[in-house]
2 protein chains.
Amino acid sequence: MATIYDVCREAGVSMATVSRVINGSERVRPKTRERVVSVMEQLGYKPSHIAQSLASKFTNSIGIQVSELTGSFYGPMMSGIDEELHKANKQGLITSGRSSEEREKHGIESLISRQCDALILHVEAVSDEYLLELSKRNVPFVLLNRYIEEIADQCIVLDDLHGGYIATKSQIELGHTDIAYISGPLWKGDAIQRLNGHKKALKEHGISFDEDLCFEGDYFKESGIAAVESLLSKGKHFSAVVCGNDEMAAGAIVTLRNAGLSVPRDISIVGYDDIDVANYLYPRLTTVKYPLKEMASMAARWVLKNVYNQDVRLENKFVPDLIHRDSCSERKVH
Amino acid sequence: MATIYDVCREAGVSMATVSRVINGSERVRPKTRERVVSVMEQLGYKPSHIAQSLASKFTNSIGIQVSELTGSFYGPMMSGIDEELHKANKQGLITSGRSSEEREKHGIESLISRQCDALILHVEAVSDEYLLELSKRNVPFVLLNRYIEEIADQCIVLDDLHGGYIATKSQIELGHTDIAYISGPLWKGDAIQRLNGHKKALKEHGISFDEDLCFEGDYFKESGIAAVESLLSKGKHFSAVVCGNDEMAAGAIVTLRNAGLSVPRDISIVGYDDIDVANYLYPRLTTVKYPLKEMASMAARWVLKNVYNQDVRLENKFVPDLIHRDSCSERKVH
DNA sequence: TATTTTAATGTAAGCGCTTACATTGCAGCC
DNA sequence: GGCTGCAATGTAAGCGCTTACATTAAAATA
């Protein structure tokens with residue numbers, strides 16, 4: 001592999017000059033630049049990122065920590081980030097934390113020790129304190145889908161209260177009043193907010209919240225199944241089910257169908273997230289769209305702006321919309 | 001950030017000694033090691049990967065190029081690779097190539113310029129020649145899901161001929177003889193092999209291959225829809241559809257249902273890949289399982305063995321199985 | 001043309017490590 | 001005690017760049 005030495009020898013200039021043309025500095029005479037460039041091409045020279053990183057302050061790499069590498073939630077997220085970074089010629093280092101506190105911390109530390117210029121984190125298990133601590137350690141980072149008051153401007157979040165609200169409201173507007181709710185795990189902030197939105201819609205329309213129609217799941221399909229089974233076994237009437245996310249909705253649909261209930265004829269269902277699968281389900285799922293990709297790319301832009309001083313617009317809070325598909329219908333009037 | 005200098009000063013030893021304890025060399029007196037370790041902890045010292053990379057031959061990072069960051073195909077792949085690398089304390093650099101020749105090449109070059117110790121590639125657009133060329137450029141790499149004779153031992157592949165074969169054979173065994181086939185794009189090796197497997201099964205059972213029952217799609221859902229529409233419009237009878245992948249199968253199911261045909265009662269369907277979605281579909285899709293995660297982790301092991309000289313077992317060719325679910329049934333006898 | 005100003009280029013000191021080789025210390029031996 | 005032979009440790013030269021500062025060449029000015 002050719003080095004900068006080879007280039008400056010062949011081109012008859014000093015290292016500094018070569019470095020200048022590499023970095024696109026103005027202070028090089030066009031003629032010199034041409035000569036250097038042509039030598040570089042001739043030699044197939046590519047600057048060593050490693051050496052550049054060591055010598056300069058920046059590594060041009062951004063650490064990305066997600067919960068899972070797999071699944072239709074994180075895919076768009078990574079891809080949103082990556083696209084934006086790629087345009088800016090930065091490299092993302094992706095790690096997964098698997099929602100375990102230890103692994104999340106370990107992942108973050110490992111990213112730091114790799115000298116990332118910044119971090120984009122989607123973490124659930126680590127505490128606010130840890131993150132606050134981290135923010136004092138001069139490693140710039142953005143939080144995706146998590147809100148911490150003290151570092152609000154480093155947080156890119158979805159208005160989950162509103163999401164939960166419109167999901168339930170849509171059902172109320174279809175005439176439903178007995179509305180079951182399958183919640184995500186209530187130790188997660190987003191799950192709480194979504195549920196609060198649900199309650200808000202209920203309250204606003206004079207419907208009282210019924211504990212018996214609410215089930216706490218874990219965001220996985222299986223808990224959607226368990227939820228419907230539990231709901232059915234209680235014998236309470238409900239004509240609509242609002243779900244904390246699409247996966248649980250998928251489980252719910254299957255289980256309802258197995259119980260001889262038709263969706264949406266007998267039961268109306270709304271999901272949340274609008275993952276790929278929502279569109280493959282039968283019936284196609286009406287759901288609250290989580291603008292994941294946009295938010296992810298916003299996170300990348302945050303870095304571009306705050307770390308590399310690029311001039312970009314930032315937006316912190318996103319507002320979700322309802323995507324109407326085939327899983328909802330008006331309440332049957334008897 | 002504390003550097004190795006701080007450590008050796010505080011511990012009263014030379015840099016070489018500190019370096020030895022960092023790298024777990026034997027040649028350090030236990031007492032010395034302890035002292036150094038305690039100083040490192042006290043200072044919160046973490047060696048700089050960058051500097052280590054520059055000084056040593058290795059960066060401990062492995063470039064990974066996939067076609068997409070998103071989708072249920074690549075998720076398990078990345079996660080399979082990452083898990084294995086993580087155990088070995090290596091970092092994966094993930095890039096996506098989007099099946100465009102230019103972007104794939106660009107991605108590969110960028111990975112190389114980042115001094116990856118090795119590359120794991122899932123590429124479709126670049127030519128064999130390019131890859132052969134690459135293999136001479138002293139960058140070790142493995143190919144996932146692609147076979148090139150000359151570098152066969154760098155290829156980790158699925159026996160797609162067998163996959164296509166068992167898919168179709170399963171239908172024949174259910175009594176079907178009029179079997180439609182929705183193929184992937186035939187410029188891709190795997191699509192060809194799967195189709196060949198289909199033909200082989202047909203031939204073996206004395207059924208002749210009918211061009212009119214075969215449709216070339218592009219592996220996306222929409223082409224599954226288009227395929228069924230085309231098939232239906234031809235008016236040829238078929239009682240089973242074998243699909244080149246699950247996505248197209250998903251499209252096919254919906255379209256058949258819209259046409260008033262029931263799956264599996266009227267038409268039997270088999271997919272290929274066993275992506276997540278297959279399990280969410282209605283009916284749950286019977287499909288050929290692509291052991292993606294295993295293959296991906298094998299790719300990682302290939303690197304561990306061939307680049308870092310670790311002692312691991314390698315396997316090049318995987319054989320797929322059929323996963324029986326609910327989308328197939330015996331041919332109706334009139 | 002001599003002088004000042006400015007642009008272009010060069011010099012060399014790091015960046016934080018690894019590693020071949022040199023040196024030191026000490027156990028074991030006669 | 002003096003010597004050999006390792007094991008433990010130290011020395012110092014890179015690795016391939018960036019960059020503050022110094023120098024020189026060219027352009028502008030008088």
Side-chain angles (χ1 to χ4, degrees), chain A residues 1-37 39-40 43-61 89 91 110 112-117 138 308-309, chain B residues 1-37 39-40 43-61 89 91 110 112-117 138 308-309:
Chain A
M1 208 62 185
T3 75
I4 199 174
Y5 298 107
D6 303 318
V7 177
C8 62
R9 177 167 25 79
E10 293 299 309
V13 296
S14 74
M15 277 170 55
T17 300
V18 177
S19 176
R20 283 185 193 104
V21 352
I22 291 172
N23 296 293
S25 156
E26 311 274 88
R27 336 203 116 279
V28 184
R29 204 163 39 169
K31 220 178 138 184
T32 316
R33 179 192 311 278
E34 266 173 43
R35 183 151 38 94
V36 172
V37 167
V39 170
M40 294 200 302
L43 263 45
Y45 168 79
K46 293 274 164 54
S48 155
H49 285 248
I50 300 286
Q52 286 181 312
S53 300
L54 186 57
S56 69
K57 285 265 176 332
F58 295 104
T59 59
N60 289 313
S61 61
N89 211 3
Q91 171 74 227
S110 129
I112 293 177
S113 82
R114 286 202 135 78
Q115 266 92 41
C116 292
D117 294 339
N138 78 7
Y308 302 113
N309 301 313
Chain B
M1 209 61 185
T3 74
I4 199 173
Y5 298 108
D6 304 317
V7 176
C8 62
R9 177 166 25 79
E10 293 298 309
V13 295
S14 74
M15 278 171 54
T17 301
V18 176
S19 176
R20 284 185 192 105
V21 351
I22 291 172
N23 296 293
S25 154
E26 312 273 271
R27 337 204 115 281
V28 185
R29 208 166 33 172
K31 221 178 136 182
T32 315
R33 178 192 311 276
E34 266 173 44
R35 184 151 37 94
V36 173
V37 167
V39 169
M40 294 200 301
L43 263 47
Y45 168 80
K46 292 273 165 56
S48 154
H49 286 248
I50 300 286
Q52 287 181 312
S53 300
L54 185 57
S56 69
K57 285 264 178 331
F58 295 104
T59 60
N60 290 313
S61 62
N89 211 4
Q91 171 75 230
S110 130
I112 293 178
S113 82
R114 286 204 135 78
Q115 266 91 38
C116 292
D117 294 339
N138 78 5
Y308 302 113
N309 301 312

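In what follows, every chain begins at residue 1, and chains take the letters A, B, ... in the order their sequences are listed. Please read these numbers as outputs of a predicted model, since none were measured by experiment. Computation of the quantities below employed the complete heavy-atom set of this structure, encompassing side-chain atoms and omitting hydrogens, waters and symmetry-equivalent molecules.
Note on B/Tyr45: only backbone sugar-phosphate atoms sit closer than 4.0 angstrom, heavy atoms only; bases stay farther off. Backbone-only engagement by A/Thr32 is indicated by non-hydrogen atom pairs under 4.0 Å involving sugar-phosphate atoms exclusively. B/Thr17 comes within contact range of the sugar-phosphate backbone alone, with a heavy-atom separation under 4.0 Å but no base atom that close. At the heavy-atom level, B/Val28 lies under 4.0 Å from the strands shown only through sugar-phosphate atoms. If you check every strand for non-hydrogen atoms under 4.0 Å, B/Val18 touches nothing. Within 4.0 Å (heavy atoms only), A/Arg29 reaches sugar-phosphate atoms of the nucleic acid but no base atom.
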Go through the steps to decide whether B/Arg114 and A/Asn60 satisfy the test side-chain contact (heavy atoms from CB on, under 4.5 Å), and finish with yes or no. CA-CA 11 Å; B/Arg114 286 204 135 78; A/Asn60 289 313; 4.1 Å; yes
Please lay out, stage by stage, how B/Asp117 and B/Tyr308 fare under the test side-chain contact (heavy atoms from CB on, under 4.5 Å). CA-CA 9 Å; B/Asp117 294 339; B/Tyr308 302 113; 2.5 Å; yes
Between A/Lys46 and B/Ile112, is the side-chain contact (heavy atoms from CB on, under 4.5 Å) condition met? List the steps. CA-CA 9 Å; A/Lys46 293 274 164 54; B/Ile112 293 178; over 6 Å; no
Chi angles and distances behind the side-chain contact (heavy atoms from CB on, under 4.5 Å) call for A/Val7, A/Leu43: CA-CA 8 Å; A/Val7 177; A/Leu43 263 45; 4.2 Å; yes
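For DNA chain C, the span of nucleotides reached by chain B at under 4.0 Å from its heavy atoms goes, 5' to 3', from C/dG16 to C/dT19.
Here SG of B/Cys116 is found 10.0 Å from CD of B/Gln91. Values are rounded to the nearest 0.5 Å.
For the pair B/Ile4 and B/Ile22, the minimum side-chain heavy-atom distance is below 4.5 Å. Residues B/Ile50 and B/Ser53 fail the side-chain proximity criterion, which asks for heavy atoms closer than 4.5 Å.
Five base pairs at each end of the helix from C/dT1-D/dA30 to C/dC30-D/dG1 define two local axes, and these are offset by 40° (rounded to 10°).
Both A/Ser14 and B/Ile50 lie close to DNA chain C; mapped to their nearest nucleotides by heavy-atom distance, the more 5′-ward contact belongs to A/Ser14.
Using a distance-only test at 3.5 Å, with no hydrogens or angles considered, a donor-acceptor pair links the side chain of B/Ser56 to the main chain of B/Gln52.
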